[in-house]
Undergrad: 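Quick one: the structure is below, and I'll ask about it shortly.
Per chain, numbering begins at 1; letters A, B, ... match sequence-line order.
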Number of protein chains: 2
Amino acid sequence: MSASSPNRLLRGTLDVLLLKTLSWGPLHGYAVSRSIRLTSGDDLKVDEGALYPALRRLEGKGYLASYWALTDQQREARFYELTPEGRRQLDLEVTEWNRYVAAMARVLGADGPRLAEES
Amino acid sequence: MSASSPNRLLRGTLDVLLLKTLSWGPLHGYAVSRSIRLTSGDDLKVDEGALYPALRRLEGKGYLASYWALTDQQREARFYELTPEGRRQLDLEVTEWNRYVAAMARVLGADGPRLAEES
DNA sequence: TTCTATACATAGAAACCTTATGTGTCAACG
DNA sequence: CGTTGACACATAAGGTTTCTATGTATAGAA
């Protein structure tokens, strides 16, 4: 069922994955990464070199807020939570993703090129 | 039905669009761009600054071959056609894309994070 | 004659991911 | 008791790919 090796990420898809994962409640970065890997069925791997800068970026945009706290194992970690603005952005990005997937499907599923406008 | 303004492309998705469009037969660059825009329902726009370098790149990899010829309107244009290697690559990239979409759907459609391995 | 579409091309910039590296803690295994 | 692996964070360097802007040139339409 799950893939042999996780895919590399498509650029631009990480943000929506992070926002979605945090929409269920606050998590620290490392847990977000693990959740995405597991939820995706081991198909999506978030490298730490992409993860932490992305979380900071989203915080800088006001989509996330962060605070330090202890994990279940009593370890210090920086937790992130979705802001109301982040939730709106999540909806936007999900909609855009679905639109993109549909558009790709139209091309990849077509049986020939369209060379001119039709009526 | 078609969108108000075409989306910007997600990095990494242009190649498969080009290969797919050329899988129906040779076309010149400008026609490829137009075909993608129309086939996608005006949701995908291929900027020329991405188009021509991408076609050269794919040719450099052996996925495309090119030649100069006249269009229907008797204008000089560089036509590209899929090589056998390009067709194999197309199949690969379509498979990868579908896998990616499925993985994204698992995350975006989930109702909670997965915090640990199961069973 | 000016605008739009056709048709190509490239340079510069920006964005974002991967790889590599670094710190430090903690539990488990041998 | 030492090493390995998971946890948890972070950043620098590098590469790829796209967007924006610009340039050339032809041709039909307004």
Undergrad: For residues 49-64 of chain B, which residues have at least one heavy atom under 4.0 Å from DNA chain C?
TA: Gly49(B), Tyr52(B), Pro53(B), Arg56(B)

Undergrad: What residues join Trp68(A) in its hydrophobic cluster, counting side-chain heavy atom gaps under 4.5 Å, either direct or through other members?
TA: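 Cluster partners of Trp68(A): none, it stands alone.
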
Undergrad: Under the rule for side chain to side chain donor-acceptor pair (under 3.5 Å), what residues qualify as partners of Thr83(B), not counting sequence neighbours?
TA: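 Expected list: none.
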
Undergrad: Could you give the side-chain donor-acceptor pairs of residues 51-62 of chain B under 3.5 Å, partners two or more places apart or in another chain?
TA:
| from | atom 1 | to | atom 2 | distance (Å) |
| --- | --- | --- | --- | --- |
| Arg57(B) | NH2 | Asp15(B) | OD1 | 3.3 |
| Glu59(B) | OE2 | Ser66(B) | N | 3.4 |
| Glu59(B) | OE2 | Ser66(B) | OG | 2.8 |

Undergrad: Kindly write out the residues that satisfy side chain to side chain contact (heavy atoms under 4.5 Å, CB included) with Ala105(A), not counting sequence neighbours, or none if the list is empty.
TA: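 With sequence neighbours excluded, Ala105(A) shows a side chain to side chain contact (heavy atoms under 4.5 Å, CB included) to no residue whatsoever.
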
Undergrad: When Ile, Leu, Val, Met, Phe, Trp and Tyr are grouped by side-chain heavy atoms lying under 4.5 Å apart, directly or through other members, which residues fall in the same group as Tyr67(B)?
TA: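 Tyr67(B) shares its hydrophobic cluster with Phe79(B).
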
Undergrad: For Arg87(B), enumerate each residue passing the side chain to side chain contact (heavy atoms under 4.5 Å, CB included) test, keeping only those at least two apart in sequence or located in another chain.
TA: Ser23(B), Leu82(B)

Undergrad: Do any pairs count as a salt bridge (charged side-chain N to carboxylate O under 4.0 Å, His left out) and have a residue in residues 67-84 of chain A, sequence neighbours left out, and if so which ones?
TA: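 Matches after skipping sequence neighbours: none remain.
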
Undergrad: Enumerate donor-acceptor pairs with a distance under 3.5 Å from any side-chain N or O in residues 89-96 of chain A to protein atoms, sequence neighbours excluded.
TA:
| from | atom 1 | to | atom 2 | distance (Å) |
| --- | --- | --- | --- | --- |
| Gln89(A) | OE1 | Tyr63(A) | OH | 3.3 |
| Gln89(A) | NE2 | Glu93(A) | OE2 | 2.7 |
| Thr95(A) | OG1 | Asp91(A) | O | 2.9 |

Undergrad: Kindly write out the residues that satisfy side chain to side chain contact (heavy atoms under 4.5 Å, CB included) with Ser35(B), not counting sequence neighbours, or none if the list is empty.
TA: Pro113(A), Thr21(B), Thr39(B)

Undergrad: Going by heavy atoms closer than 4.0 Å, what residues in residues 14-26 of chain B are next to DNA chain D?
TA: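 Output list: Leu14(B).
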
Undergrad: Using a cut-off of 4.0 Å between protein heavy atoms and nucleotide atoms, how would you tag nucleotides 23-30 of chain D 5' to 3' with B, S and -?
TA: --BB----

